[in-house]
2 protein chains.
Amino acid sequence: MGIADDAVEIRATGWRTLVALHAMIELELERALGESAGLSVVEYTVLDALDRQDGWHMRMQQLARAAALSPSATTRLVTRLEDRGLLTRVLCADDRRGIYSELTAAGRALYETARPVHDAALERVLAEAGERPELAPMVQALHAEPATV
Amino acid sequence: MGIADDAVEIRATGWRTLVALHAMIELELERALGESAGLSVVEYTVLDALDRQDGWHMRMQQLARAAALSPSATTRLVTRLEDRGLLTRVLCADDRRGIYSELTAAGRALYETARPVHDAALERVLAEAGERPELAPMVQALHAEPATV
DNA sequence: GGTTAATAGTTGCACACGCAAATAGATTGC
DNA sequence: GCAATCTATTTGCGTGTGCAACTATTAACC
């Protein structure tokens with residue numbers, strides 16, 4: 001095998017590792033959030049994104065990007081959360097195509113409940129992943145992130 | 001904010017970064033594989049896992065683990081690929097509960113076609129991700145992986 | 001050695017997703 | 001100022017997924 005072939009193999013292996021770590025984390029978060037707040041990970045992601053906007057609202061597109069979802073899935077996700085009274089749709093005055101989503105008091109309250117559970121689960125699963133040799137370097141990189149998303 | 005709070009934030013941000021990178025890679029692989037071979041990423045993953053077994057067969061459980069899928073999803077995935085003639089189910093003699101999956105000639109041929117497309121797409125998307133400052137460290141870690149999965 | 005418990009895989013069911021088409025509103029060009 | 005184009009969001013539809021219940025086989029126990 002040449003150097004180029006090695007690089008291909010390394011990338012493929014690294015990708016499989018990333019998938020494994022992603023699945024492991026998501027599984028645990030799904031379990032913890034579902035159990036404690038009846039929220040899925042994407043649902044939590046939306047509440048989290050809205051909360052990080054400091055009370056301000058976000059458009060469907062922004063939410064779609066934050067949750068890595070298609071427009072249609074975002075519509076339905078927002079509808080679900082709206083039906084549960086966790087957020088409200090607000091028409092945008094200056095661009096009447098746009099629709100803002102805004103946390104309700106109940107939504108913010110549920111988020112406040114879910115957040116520590118989420119954070120604890122994440123810490124736990126990352127600690128566990130860090131002990132597996134294949135996953136450790138990527139966990140390390142995850143911790144080193146000073147990224148502004 | 002205390003040190004502990006910072007750590008929580010760093011983990012959350014790192015997790016979001018990992019999700020973003022995962023989504024970006026998966027989207028591109030999905031596109032490339034779908035276009036060139038009519039395969040989804042999970043389908044390719046199964047063919048790849050079987051091929052890496054060097055002609056040998058794998059049980060449903062192993063495939064489920066390799067593809068990060070539930071048992072039921074694995075059953076249906078294997079059924080789909082079997083219907084397309086890409087693999088066959090083989091009953092296991094010593095443990096008659098177990099079922100092996102084995103690549104057919106057509107399956108191996110399609111895999112040989114898809115693999116370079118997959119590898120090229122992966123290289124391309126990783127290069128692109130490496131240029132984004134938020135993603136770069138994790139891409140770096142992915143390349144550094146010498147992990148034996 | 002026969003009953004009980006554990007394991008491997010499959011099916012019913014409900015649901016979340018993506019794609020493509022539809023709708024409604026903004027923007028551009030002339 | 002109006003036609004054509006572009007953008008934001010929503011719906012119809014088909015499909016892949018997980019959970020829980022089920023069947024079939026093996027292992028454990030006494």
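Chain letters run A, B, ... following the sequence lines, proteins first and then strands; every chain starts at 1. Fair warning: this is a prediction, and the values are worked out from it, not measured in the lab. Worth knowing before you read on, the calculation uses all heavy atoms, side chains too, and leaves out hydrogens, waters and symmetry mates.
Comparing A:S72 and A:D95 along DNA chain D, the residue whose closest nucleotide (by nearest heavy atom) sits nearer the 5' end is A:D95. Comparing A:R97 and A:R80, the nucleotide of DNA chain C nearest to each residue sits closer to the 5' end for A:R80.
The shortest side-chain heavy-atom distance between B:R96 and B:L91 does not fall under the 4.5 Å cut-off.
Taking the charged nitrogens against the carboxylate oxygens, B:E9 and A:R115 do have a contact shorter than 4.0 Å, which makes a salt bridge. A salt bridge links A:R31 with A:E35; the closest basic N to acidic carboxylate O contact falls under 4.0 Å. Comment: B:R108 engages B:D51 in a salt bridge, judged by a side-chain N to carboxylate O separation of less than 4.0 angstrom.
At a non-hydrogen distance threshold of 4.0 Å, A:V42 from residues 21-44 of chain A come into contact with DNA chain C.
Of all the heavy atoms in B:V46 and B:A67, the pair that sits closest is CG2-CB, 4.4 Å. Across all non-hydrogen atoms, the minimal contact from A:T74 to A:A64 is OG1-CB, 3.2 Å.
Fit an axis to the five pairs at each end of the helix from C:dG1-D:dC30 to C:dC30-D:dG1 and the two axes sit 30° apart, to the nearest 10 degrees.
Atom CZ of A:R96 is separated from atom C1' of C:dT27 by 15 Å (rounded to the nearest Å). The CZ atom of B:R89 sits 16 Å away from the P atom of C:dA8 (whole-angstrom rounding). Taking atom CD1 on A:I99 and atom P on C:dA24, their separation rounds to 13 Å, with Å as the unit. Rounded to whole Å, the distance from CZ on A:R59 to P on C:dA24 is 18 Å. In this structure, CG of A:L91 is placed 11 Å from P of C:dA26, rounded to the nearest angstrom.
Listed nucleotides C:dG12, C:dC19, C:dA8 differ in distance to B:R76; the shortest reach to its side chain belongs to C:dG12.
Of the candidates A:H57, A:R89, A:Q53, A:E102 forms a side chain to side chain donor-acceptor pair (under 3.5 Å) with just one, namely A:H57.
When heavy atoms are screened at a 4.0 angstrom cut-off, A:L77 is found touching no nucleic acid atom at all.
Crowding of A:R65 atom CZ: a count of heavy atoms from other residues, nucleotides or ligands under 6.0 Å not exceeding 12.
Taking 4.0 Å as the cutoff to heavy atoms of chain B, we find the contact window on DNA chain D bounded by D:dG16 to D:dT26.
Between B:H22 and A:H22, the two ring planes are parallel [angle under 30°; tilted spans 30° to 60°].
How far OG1 of B:T17 is from CG of A:L142: 7.0 Å, rounded to the nearest 0.5 Å.
Side chain of B:E30 to backbone of B:V41: a donor-acceptor contact under 3.5 angstrom is found.
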